[in-house]
S.K.: 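Encoded as structure tokens, here's the structure I'll be asking about.
Each chain gets a letter, A, B and so on, in the order the sequences are listed, and its residues count up from 1.
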Number of protein chains: 2
Amino acid sequence: MSSIAQGARARARNEITAAIKEEARRQLAAQGAARLSLRAVARELGMVSSALYRYFPSRDDLLTALIVDAYNSLGEAAEAAADASADAEPLVRWTAVCEAVRRWALAHPHEYALIYGSPVPGYEAPETTIPAAARVGKTLIGVVRAAHRGPGLALLNLPGELRPEAERMAADFAPDLPPETVAALVAAWAQLYGLVGFELFGQFHRVVEDREAFFRHAVTRLAQGVGLH
Amino acid sequence: MSSIAQGARARARNEITAAIKEEARRQLAAQGAARLSLRAVARELGMVSSALYRYFPSRDDLLTALIVDAYNSLGEAAEAAADASADAEPLVRWTAVCEAVRRWALAHPHEYALIYGSPVPGYEAPETTIPAAARVGKTLIGVVRAAHRGPGLALLNLPGELRPEAERMAADFAPDLPPETVAALVAAWAQLYGLVGFELFGQFHRVVEDREAFFRHAVTRLAQGVGLH
DNA sequence: GGAAATCAAGAGCAGTGCTCTCGTAAGTGT
DNA sequence: ACACTTACGAGAGCACTGCTCTTGATTTCC
């Protein structure tokens, strides 16, 4: 198994699973997660709804699969932006990654809402989503790390009460970077999400008009807060 | 009408409307907006589901009413924090307001998700929600304004491409403040939302441990970005 | 007091996620 | 090649949802 030559049955299963996800993603993009209907997906694929449960044991499992895909798609967009600007200055790369995130969000609003929207009930992020979710963060770390290796990173200071926390985060995610930088990076990451979310979810309606320019400026200041220049 | 002495019918209508909202809010807080059911609300109130439509023409209208209430509740919390610290330094007041927002969000996660979550389908924010939604922003403006009247506000600089946008925002929301400050304030507001949202929606899981300290620090830097000190 | 508006209740429609059963087809071991 | 096990699609059905329409009673207003 796991070879190219798999049985006809396994091959069909993979194809059908992919077709289900594809149609589900279409409905998600068109109408949002709330209106995603298993029965409608099955109907569109010409199968009966109960047959779909052979491939996804529940609606939530389908949504989880879509979440992982969305995380990966967003992560790819961020990584592509970082790679494409690999030779540029750190600050340019930073804004390139941030703008890639924003563009992806504007192009896939329902997917963005699905992953960064409101999964409040306690917590429920299945294990499988975690590595995919970390890709954007890892990309930002990579940009900062490149700056750190060059001369492009300023030192920050940190209140004493936050030092242990910062050292723990640094040890977990980027032992080669100064703890102050890692702490600032995590905050900047959350704030990037705030900027994108506010625009996407309509909070900038009748407040910010030139959102592109506004975003670029805000994101530049974010980078400065991390020490890039 | 609109006097204290209203007919028994109007009085009953107000009471029932309030009871519906109360029960709906209970279900919202307990299980989230997705699981809020008109029929369950009616059932709990001992009435038949169709009767409920005399008070709210649709589920969305009920949710809209809850959204307005949530905005007002959050706005009140922010204003209370600003008032309680009216004599303190601007930076202290700023963090007090931000921490009040965070506390409210942690105490009312489903309500917070309802108002700042994902209303993506195009846009649909009904007129009535706008003034309520603006209260937190107005509170932050008030804190900065007080600092501006005193000696507590540093001047910022702004790239030229953003100047017209900043001047427009200032003219709309705070003509007495420098446009640079208003632009920075809007960005800080969105970033505050990002910090709260990331914590609330579980993105800090296994990333940030001492969230209280982390938040306080991030919010202090936010204030510095607006020019408070 | 009578006309008009308001209301609760019930039945009903179309849709949902999900479960269970049943006959059939595909893969597996001997 | 035969029997056995597993995977699968189809259908019926359950409990639930938002919402509409009709019916009969109650309240309000002229």
Side-chain angles (χ1 to χ4, degrees), chain A residues 1-21 23-24 26-28 30-67 114 119 121 124 126, chain B residues 1-21 23-28 30-67 110 114 119 121 124 126:
Chain A
M1 47 204 61
S2 92
S3 88
I4 299 289
Q6 43 188 341
R9 185 150 225 164
R11 164 166 274 115
R13 179 167 239 283
N14 287 344
E15 279 177 14
I16 294 180
T17 304
I20 292 173
K21 282 211 294 186
E23 175 59 30
R26 191 180 352 262
Q27 293 193 14
L28 169 64
Q31 312 162 2
R35 289 200 229 279
L36 173 64
S37 153
L38 280 192
R39 294 183 108 112
V41 170
R43 206 179 303 135
E44 210 68 23
L45 262 51
M47 57 169 96
V48 91
S49 71
S50 60
L52 210 146
Y53 285 83
R54 301 270 175 198
Y55 300 89
F56 294 94
S58 82
R59 184 179 185 273
D60 278 349
D61 289 275
L62 215 196
L63 277 180
T64 299
L66 295 183
I67 287 176
L114 180 63
E124 45 168 328
Chain B
M1 47 204 63
S2 92
S3 86
I4 299 288
Q6 43 189 340
R9 187 151 224 162
R11 164 166 274 116
R13 180 168 238 285
N14 288 343
E15 280 177 13
I16 293 180
T17 304
I20 291 172
K21 282 211 293 188
E23 176 59 30
R25 185 157 34 236
R26 190 177 355 259
Q27 294 193 15
L28 169 65
Q31 314 163 6
R35 289 200 230 280
L36 172 64
S37 152
L38 281 192
R39 292 183 109 111
V41 170
R43 207 178 303 135
E44 210 67 24
L45 263 51
M47 56 169 98
V48 91
S49 71
S50 60
L52 210 146
Y53 285 82
R54 300 269 170 195
Y55 300 90
F56 294 94
S58 82
R59 184 179 186 274
D60 279 347
D61 289 274
L62 214 196
L63 277 180
T64 300
L66 294 183
I67 287 175
H110 287 118
L114 180 63
E124 46 170 326

S.K.: Give each protein N/O atom lying under 3.5 Å from an N/O atom of nucleotides 23-25 of chain C, with the pair distance.
M.R.:
none

S.K.: Measure from the side-chain heavy atoms of A:L38 and tell me the nearest of C:dT16, D:dT17, C:dC18.
M.R.: C:dC18

S.K.: Under 4.0 Å, heavy atom to any atom of DNA chain D: which of residues 48-55 of chain B qualify?
M.R.: B:S49, B:S50, B:Y53

S.K.: Determine: side-chain N/O of B:R13 to OP1/OP2 of C:dC7, distance under 4.0 Å, yes or no.
M.R.: yes

S.K.: Can a donor-acceptor pair under 3.5 Å be found between the side-chain atoms of A:R39 and the base atoms of C:dG17?
M.R.: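 When only heavy-atom distances are counted, A:R39 does reach the base of C:dG17 through a donor-acceptor pair under 3.5 Å.
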
S.K.: I need the CZ-P distance between B:R11 and C:dC7, as an integer number of Å.
M.R.: 15 Å

S.K.: What nucleic acid atoms does B:I16 come within less than 4.0 Å of, heavy atoms only: base, sugar-phosphate, or nothing?
M.R.: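 If one applies the 4.0 Å heavy-atom cut-off, B:I16 turns out to touch the sugar-phosphate alone, with no base involved.
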
S.K.: side-chain contact (heavy atoms from CB on, under 4.5 Å) with A:S50: which residues, sequence neighbours excluded?
M.R.: A:V48

S.K.: Base, sugar-phosphate, or nothing for A:L36, non-hydrogen atoms under 4.0 angstrom?
M.R.: sugar-phosphate

S.K.: Atom CD of A:E15 to atom P of D:dC8: distance rounded to whole Å?
M.R.: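 Atom-to-atom, A:E15 to D:dC8, this comes out as 13 Å.
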
S.K.: Do you know which two heavy atoms are closest between B:L36 and B:L63, and how far apart they sit?
M.R.: CD2-CD2, 3.7 Å

S.K.: What is the minimum heavy-atom distance between B:G32 and B:H110, and which atoms define it?
M.R.: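 Residues B:G32 and B:H110, closest heavy atoms: CA-CD2, 3.3 Å.
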
S.K.: Under the side-chain hydrogen bond (donor to acceptor under 3.5 Å, both in side chains) criterion, do A:T64 and A:D61 qualify, and how do the steps go?
M.R.: CA-CA 5 Å; A:T64 299; A:D61 289 275; 5.5 Å; no

